[in-house]
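Take a look at the structure below.
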Amino acid sequence: MFKFLKEEEVIEADSFTYLKNVQDIGKDIEVLTAEEMSDLLKAPNQRTATFEISL
């Protein structure tokens, strides 16, 4: 897309000209299950959560 915009003189330079292609590291990415994702989203934000301490 950037090459096209450059050729059409919409932009002055293709921002991706000097970027290298990403190498495949040969490992599968582990993903969360739907249940794990749900549990994670339900967890309280520890930076803003308040805790009651009963004595």
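All figures in this text were calculated on a predicted structure; none of them were measured in a lab.
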Under 3.5 Å, which donor-acceptor pairs do the side chains of residues 25-35 form with other protein atoms, sequence neighbours left out?
residue : atom : partner : partner atom : Å
T33     : OG1  : E36     : N            : 3.1
T33     : OG1  : E36     : OE1          : 3.4

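- Residues passing the side-chain hydrogen bond (donor to acceptor under 3.5 Å, both in side chains) test with E7: none are found, sequence neighbours excluded.
- Annotation: side chain to side chain contact (heavy atoms under 4.5 Å, CB included) contacts of E8 (sequence neighbours excluded): F4, V10.
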